[in-house]
Structure formats: structure tokens, C-alpha cells
Amino acid sequence: MAVAIEFGMGRAFGICGAGLARGERTGSRSLLPVPCPCFSLSVPAGIINFCANNYLGLSSHPEVIRAAVEALEKFGAGLSSVRFICGTQSIHKDLEEKIARFHQREDAILYASCFDANAGIFEALLTPEDAVLSDELNHASIIDGIRLCKANKYRYKHMDMQDLEAKLKEAQKHRLRLVATDGAFSMDGDIAPLREICQLAQKYDALVFIDECHATGFLGPNGRGTDELLGVMDKVTIINSTLGKALGGAAGGYTTGPKPLIDLLRQRSRPYLFSNSLPPAVVGCASKALDLLMESNAIAQSMAAKTQRFRSKMTAAGFTISGKDHPICPVMLGDARLASVMAEDMLNRGIYVIGFSYPVVPKGKARIRVQISAVHSDEDIDRCVEAFTEVGRKHGALS
């Protein structure tokens with residue numbers, strides 16, 4: 001045991017010594033008005049947050065906050081129970097119905113997080129007679145969820161439809177086939193080719209599962225996600241997503257799809273069965289966020305122009321931006337230390353961003369991931385580009 005601890009400490013010191021440790025910055029005030037708060041971190045001009053998942057700015061929306069407070073006052077801080085004992089209140093059922101209606105599905109089930117939703121679905125749905133086919137760059141929660149199930153596992157090259165078809169042909173010997181993919185990939189800002197995936201799934205009699213954490217609320221004409229964006233809502237069987245990003249930013253996740261599937265998850269999904277129900281305040285704010293989205297698509301539609309402004313200006317400045325037409329805008333730098341020191345210098349210029357390096361992304365693919373929000377102004381975006389240009393020149397990332 002002592003040797004193992006010493007070995008682990010040695011690895012940790014090595015990471016720190018190389019300047020690659022992922023620190024956790026602590027603000028001196030609430031970050032609630034993200035993604036453009038002006039809170040003090042020893043920077044006179046204040047900080048603009050460009051690394052939050054608060055895509056629609058709803059975490060600081062007054063109606064969302066008010067709904068959370070009202071739910072807290074009416075139902076208390078928590079239910080102190082799992083759902084099937086005494087942890088289900090009317091607000092939980094109302095939110096599940098609202099999620100299903102928003103996605104135009106039959107039913108929905110709430111989880112403590114989308115990580116839990118992904119951990120709970122594959123084991124409950126798939127047997128040793130089945131097969132799951134997963135994109136190689138799927139989120140860690142999908143990978144971990146698949147590891148828990150006993151199905152036959154196939155991994156296809158990232159968004160490579162030729163490789164997926166080859167794997168589907170190989171998987172024809174199994175009873176049921178499930179293709180699992182992120183709708184939008186969080187590290188690269190690229191969007192899964194769902195039209196082609198659904199065509200192959202139909203050809204080889206497979207079901208399609210998508211994780212929509214970085215799509216729900218802002219992709220598609222009404223913010224329903226990549227299946228709406230690409231016109232395949234009727235061809236995607238299962239959607240997992242989060243309440244902790246665009247939909248209020250608090251916490252929580254869900255699965256939505258056919259009612260028989262949701263009924264099965266209520267009986268067999270271990271993260272659902274053995275986790276406390278979502279706190280009322282979280283349910284209240286997510287429910288109000290969905291109300292706002294279903295009342296108007298104006299907030300969701302505002303994202304495209306802001307995203308295009310940042311991407312085009314950064315490209316013109318000489319940076320390489322991964323992905324396409326997604327508010328996740330990875331500024332590709334390659335070198336891990338460069339990403340880290342540039343992120344620190346950006347903070348000194350009032351722009352809050354974080355460098356990502358191995359093992360979060362592959363070696364040699366270090367980057368600073370920028371995330372655009374509906375509440376960023378044009379002036380905020382221009383200030384961010386100017387800071388990147390200054391810092392990039394200082395550290396040799398730009399000539």
C-alpha cells in the first residue's frame with residue numbers, strides 16, 4: 001500500500017512539475033451571472049467567463065432563480081429519499097412530462113446527473129446477446145456506462161461512417177444492436193453525422209442513442225438538439241441529456257424515449273433506484289428553463305450569430321478553431337504547457353478560459369476551449385479575440 005501511495009504521489013508531482021496540473025480557480029464572489037460576470041480576481045477590469053456550459057445564460061435568469069426559490073420554499077431542501085420510497089413529488093413528474101413533450105418523446109426519467117443516466121441505461125437495456133457500437137470519442141460517461149453492461153462492444157472511428165457500417169455488418173449476429181454517440185462532442189465542437197448514422201441504423205436494423213448534453217436548448221430551430229437540427233427526430237430512439245448546462249445550469253440529467261424503455265429504467269436502472277431524487281430547487285429552475293424555451297426560440301436562435309462572430313474573427317487572426325458551427329470553439333495549440341500558460345495570461349487580461357491537455361484530450365492536441373453564450377455581447381466576444389491575439393503573439397502561437 002505504501003509503495004502504491006508513493007508511486008501515485010510521484011506521478012502527481014511529475015504532472016505539477018511539468019506545469020500540466022489542472023488547478024481549480026476560486027472566485028471571491030458568486031459566478032451566477034455567468035458567462036459574463038464582473039467579479040474580482042485581482043483584475044481591475046473584471047472577468048468575462050468564456051468557459052461555462054451556461055449556453056443560454058439561464059442560470060442567472062430572474063424567472064429561473066425565482067422558480068428555484070419557490071420550489072425550495074414549497075417542497076424543502078430535499079426529499080431525503082430515493083424516488084420509489086418517498087422521493088417523488090408532483091414537480092418531479094411534471095418535469096419528466098415536460099422533458100418528454102419538449103423532445104417530442106413518449107416519456108422521460110430524471111437522474112442526479114447525465115453521468116448517472118449514461119451509467120444506468122446500457123446495463124438495464126442490453127444483454128450478453130446484444131451489441132453496442134460506440135464512437136471512439138464519446139464522453140467518458142458513455143464509455144463507463146458501456147463498460148458496466150454485458151453486451152458485445154464495438155468501437156468505431158470518430159464519425160467514420162464506413163467504419164461504423166463495417167462494425168454493423170459484423171454485429172448482425174447479435175440479437176439487438178444499439179449505436180451510441182454524442183450528438184455534439186464536447187472537446188472538439190463537432191456534430192455527429194446523425195442523418196448518415198440513422199440511415200445505417202435503419203439499413204442494419206439498429207437503434208440509435210444520442211447524448212445531447214452539449215446540444216439541448218440551443219441546437220436546432222427550437223433548441224431540441226442535434227436530431228432536430230439534422231431532421232431525424234423520428235429516427236433517434238433514445239436521448240440522454242442534462243439539466244446542468246443550457247437548462248438552468250444547476251444539476252440533473254434524464255433519459256427520454258419510448259415509454260416501455262422508461263418503465264424498464266424505473267425498475268432496473270441502478271443509479272435511479274439507489275440515488276436520492278433531485279432537490280426541489282433544481283427541479284424548479286429546470287422546469288422554468290424549459291418553459292422559457294418552449295414559449296420562444298429567440299434565445300436559442302441568438303447563438304448562431306455570436307458563434308460565427310467568434311469563429312470567423314479568431315480564424316482571421318490566425319488561430320485554428322476545431323469543429324463547425326457549434327458554440328464550443330476549441331482553440332487548437334498542440335502543446336500542453338502553452339495551453340496552460342496562455343490560459344493564465346488570458347485571465348490576467350480579464351478573460352476566463354481553461355487549457356485542456358492529456359488525458360482529457362489526446363497527446364499533442366492541447367487546446368483552450370472557448371464556449372460562447374447567448375448573453376455574451378459583441379463587445380465581449382471582440383474583447384476575447386483581442387486578448388487571444390495579444391497572448392498568442394506573446395507566446396509564439398501567432399506570428
Side-chain angles (χ1 to χ4, degrees), residues 31-39 46-61 64 182-191 212-226 228-229 241-242 244-249 289 292-293 297-333 339 342-343 346-347 349-356 361 367-389 391-392:
L31 286 175
L32 254 185
V34 287
C36 49
C38 287
F39 65 101
I47 304 288
I48 304 176
N49 191 334
F50 273 93
C51 58
N53 293 314
N54 186 22
Y55 293 109
L56 301 178
L58 294 181
S59 67
S60 56
H61 194 289
V64 173
D182 278 312
F185 291 84
S186 63
M187 284 298 113
D188 293 294
D190 46 8
I191 296 171
E212 290 283 75
C213 286
H214 291 276
T216 298
F218 57 92
L219 288 187
N222 299 290
R224 292 191 172 95
T226 54
E228 183 187 44
L229 176 71
S241 194
T242 182
K245 292 182 171 62
L247 301 183
L292 293 171
L293 277 176
N297 66 352
I299 302 176
Q301 289 299 301
S302 72
M303 293 291 295
K306 296 174 187 291
T307 298
Q308 177 59 27
R309 184 181 188 90
F310 179 80
R311 284 180 170 271
S312 61
K313 283 179 172 285
M314 286 290 285
T315 301
F319 288 102
T320 299
I321 310 299
S322 179
K324 181 182 179 183
D325 301 331
H326 194 283
I328 291 175
C329 304
V331 182
M332 304 304 294
L333 299 169
M342 279 187 60
M346 291 289 289
L347 184 63
R349 286 165 172 77
I351 303 297
Y352 196 128
V353 289
I354 296 293
F356 288 80
V361 297
R367 78 233 16 217
I368 292 175
R369 186 179 71 175
V370 174
Q371 291 170 273
I372 305 300
S373 169
V375 295
H376 281 135
S377 67
D378 287 349
E379 291 76 17
D380 294 332
I381 291 170
D382 293 348
R383 179 178 163 189
C384 182
V385 174
E386 289 168 8
F388 262 112
T389 303
V391 171

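As the structure is a prediction and not an experimental result, all values here were calculated from the model. Both backbone and side-chain heavy atoms feed into the values below; hydrogens, waters and symmetry mates do not.
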Could you check whether any side-chain heavy atom of [X] comes within less than 4.5 Å of a side-chain heavy atom of [Y], counting everything from C-beta outward?
X	Y	answer
Arg367	Val331	no
Leu56	Met303	yes
Lys245	Thr216	no
Glu228	Leu219	no
Ile368	Leu333	yes
Met332	Phe319	no

Measuring from atom [atom1] of [X] to atom [atom2] of [Y], what distance do you get when rounded to the nearest 0.5 angstrom?
X	Y	atom1	atom2	value
Asp380	Ile48	CG	CD1	4.0 Å
Thr307	Lys324	OG1	NZ	14.0 Å
Asp182	Cys213	CG	SG	8.0 Å
Ser302	Ile372	OG	CD1	11.5 Å
Leu292	Leu247	CG	CG	10.5 Å
Ile321	Asp188	CD1	CG	12.5 Å

For Arg369, enumerate each residue passing the salt bridge (Lys or Arg N to Asp or Glu O under 4.0 Å) test, keeping only those at least two apart in sequence or located in another chain.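 Here no residue qualifies.
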
With sequence neighbours left out, the residues meeting salt bridge (Lys or Arg N to Asp or Glu O under 4.0 Å) with Asp190 are none

For the student: nearest non-hydrogen atoms of Ala289 and Gly248, plus distance: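 What the structure gives for the nearest pair is CB-N, 4.1 Å.
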
Closest non-hydrogen atoms of Gly217 and Ala246, given as atom of the first, atom of the second and distance, are CA-CB, 4.4 Å

Indicate every side-chain donor-acceptor pair of residues 309-317 with a distance under 3.5 Å to a residue at least two apart or in another chain.
unit_1 : atom_1 : unit_2 : atom_2 : d
Arg309 : NE     : Asp382 : OD1    : 3.1
Arg309 : NH2    : Asp382 : OD1    : 3.4
Arg309 : NH2    : Asp382 : OD2    : 2.9
Arg311 : NE     : His326 : O      : 3.2
Arg311 : NH1    : Ser322 : O      : 3.0
Arg311 : NH1    : Gly323 : O      : 3.2
Arg311 : NH2    : Ser322 : O      : 3.0
Arg311 : NH2    : His326 : O      : 3.2
Arg311 : NH2    : Ile328 : O      : 2.8
Ser312 : OG     : Gln308 : O      : 2.8
Ser312 : OG     : Arg309 : O      : 3.2
Thr315 : OG1    : Arg311 : O      : 2.8

Verify, without hydrogens or angle tests, whether [X] (side chain) and [Y] (backbone) share a donor-acceptor contact under 3.5 angstrom.
X	Y	answer
Gln371	Cys329	no
Asn49	Cys51	yes
Thr226	Leu229	no
Lys306	Ser373	no

When you check the side-chain N and O atoms of Asn54 and Ser59, is any donor under 3.5 Å from an acceptor?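 Note: Asn54 and Ser59 side chains meet the donor-acceptor criterion.
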
Intermediate values then yes/no, side chain to side chain contact (heavy atoms under 4.5 Å, CB included), Leu58 and Ile299: CA-CA 10 Å; Leu58 294 181; Ile299 302 176; 4.2 Å; yes

Evaluate the side chain to side chain contact (heavy atoms under 4.5 Å, CB included) criterion for residues Phe185 and Ile191: first the C-alpha distance (whole Å), next the side-chain angles of each, then the deciding distance (0.1 Å), finally the verdict. CA-CA 6 Å; Phe185 291 84; Ile191 296 171; over 6 Å; no

Counting the benzene-type ring for Trp, do Phe50 and Tyr352 have ring centres under 6.0 Å apart? no

